[in-house]
Amino acid sequence: MKFLLDLLLLLPLLIVCCLESFVKLFIPKRRKSVAGEIVLITGAGHGIGRLTAYEFAKLKSKLVLWDINKHGLEETAAKCKGLGAKVYTFVVDCSNREDIYSSAKKTTKAFLPAMMKNNHGHVVTVASAAGHISVPFLLAYCSSKFSAVGFHKALTDELAALQITGVKTTCLCPNFVNTGFIKNPSTSLGPALEPEEVVNRLMNGILTEQKMIFIPSSIAFLTILERILPERFLAVLKRKINIKFDAVIGYKMKAQ
């Protein structure tokens, strides 16, 4: 009973916060400067990581680029240097803990502990819409992305509990991206996203300090529906969304 009374007492605050959020929809968000900031990008040798490195290079950030693919990493670094950025590259296997620790010692700053001590920095987690809404025949992928989203949320709450306001967090959750990872993906939500579109939204989200970036925005609405709609109706809705791809043998067998 006490908890319900506490919730009722919060009702005026809820109304104020909703009105504040509505007003902010019509006020352009100020983009912060990242010139001179050290930016570590994993997976920088290809895809979204490479395009993100190019965008930060244009903004005159100092880049620390990691990738397991040395050739791809060198290509990215060359382009970034041509854009006027200072670049440091390390061939790193991000699935190998010792490789990560060894490479971290070579960078000019530590990661989160140093950010927390200085109350300054920005942690960006690249997840997926599959980190919020499960997809059949992508069990391992969805599990890893749910973990990434959970990491982002837990880190955000922990920084808030510690009153570390200068370390920002952002989580990227796009629909299928046309990178070749999954063959011929399609949904009724629209065609597969192009990497350039995703990176443009990501950069805007980082520079305006958005917590969660859904691409397309309709995915945010779907995550809400999944929490409030009956399970039977959700099953019908997911069939209407009609997720398809060719890369999984189990899916092909089901279709036959």
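Looking only at side-chain heavy atoms (C-beta outward), Leu73 and Val91 come within less than 4.5 Å of each other. Within the 4.5 Å cutoff, no side-chain heavy atoms of Arg30 are placed close to those of Thr208.
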* **Steps toward side chain to side chain contact (heavy atoms under 4.5 Å, CB included) verdict (Val123, Leu112)** => CA-CA 8 Å; Val123 180; Leu112 189 57; 4.3 Å; yes
* With salt bridge (Lys or Arg N to Asp or Glu O under 4.0 Å) as the test, would you mind laying out the steps for Glu226 and Lys238 before giving the verdict? => CA-CA 10 Å; Glu226 190 172 43; Lys238 287 183 178 181; 3.3 Å; yes
* Verdict with reasoning, Val92 to Ile68, per side chain to side chain contact (heavy atoms under 4.5 Å, CB included) -> CA-CA 5 Å; Val92 181; Ile68 196 171; over 6 Å; no
* To do: Applying side chain to side chain contact (heavy atoms under 4.5 Å, CB included), run through Ile213 and Leu202 and close with a yes or a no.
  => CA-CA 7 Å; Ile213 305 170; Leu202 172 61; 4.1 Å; yes
* Asked: side chain to side chain contact (heavy atoms under 4.5 Å, CB included) between Glu75 and His46: does it pass, once the steps are laid out?
  -> CA-CA 9 Å; Glu75 286 184 344; His46 63 287; over 6 Å; no
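Among Ile133, Ile215, Ile219, the one residue that satisfies the side chain to side chain contact (heavy atoms under 4.5 Å, CB included) test with Asn175 is Ile219.
Taking every heavy atom of both residues into account, Ala127 and Ala148 meet most closely at CB-CB, 4.0 Å. Closest non-hydrogen pair, Leu63 versus Cys80, comes out as CD1-SG, 3.6 Å. A pairwise comparison of heavy atoms in Met115 and Val167 identifies O-CG2, 3.4 Å as the closest pair. In terms of heavy-atom proximity, Ile41 sits nearest to Ala53 at CD1-CA, 3.4 Å. Considering all non-hydrogen atoms of both residues, Gly84 and Lys60 come closest at CA-NZ, 4.2 Å. Shortest non-hydrogen contact noted between Tyr54 and Leu83 is O-CD1, 3.7 Å.
Salt-bridge formation is not detected for the pair Glu37/Lys62: no Lys NZ or Arg NE/NH1/NH2 atom is positioned less than 4.0 Å from an Asp or Glu carboxylate oxygen.
Formation of a donor-acceptor pair under 3.5 Å by the Thr76 side chain with backbone atoms of Ala44 is found in this model. The backbone N or O of Gly166 lies less than 3.5 Å from a partner atom in the side chain of Asn119, making a donor-acceptor pair.
With values rounded to the nearest 0.5 angstrom, Leu40 atom CG is found 9.5 Å from Phe90 atom CZ. In this structure, Arg50 CZ and Asp67 CG are separated by 8.5 Å, a value rounded to the nearest 0.5 Å. Here the OG atom belonging to Ser186 is positioned 6.5 Å from the CG atom belonging to Asn242, to the nearest 0.5 angstrom. One distance of note links OG1 of Thr89 with CG of Leu65; it measures 7.0 Å at 0.5 Å rounding. Rounding to the nearest 0.5 Å gives a distance of 11.5 Å between CG of Asn184 and NZ of Lys244. Note that NZ of Lys86 and NZ of Lys81 are 12.0 Å apart. Values are rounded to the nearest 0.5 Å.
Judged purely by distance below 3.5 Å, without hydrogens or angles, the side chains of Lys32 and His122 pair a donor atom with an acceptor atom.
Both Ile241 and Ile228 are part of a single hydrophobic cluster, where members link through side-chain heavy atoms under 4.5 Å apart. Phe146 and Leu222 are members of different hydrophobic clusters when ILVMFWY side chains are connected at heavy-atom separations under 4.5 Å. There is no path of hydrophobic side-chain contacts, each under 4.5 Å, that joins Val16 to Leu10. Taking hydrophobic clusters as Ile, Leu, Val, Met, Phe, Trp and Tyr residues chained together by side-chain heavy-atom distances below 4.5 Å, Val149 does not share a cluster with Leu139.
Aromatic rings of His132 and Phe214 (six-membered ring for Trp) have centroids within the 6.0 Å cut-off, being under it.
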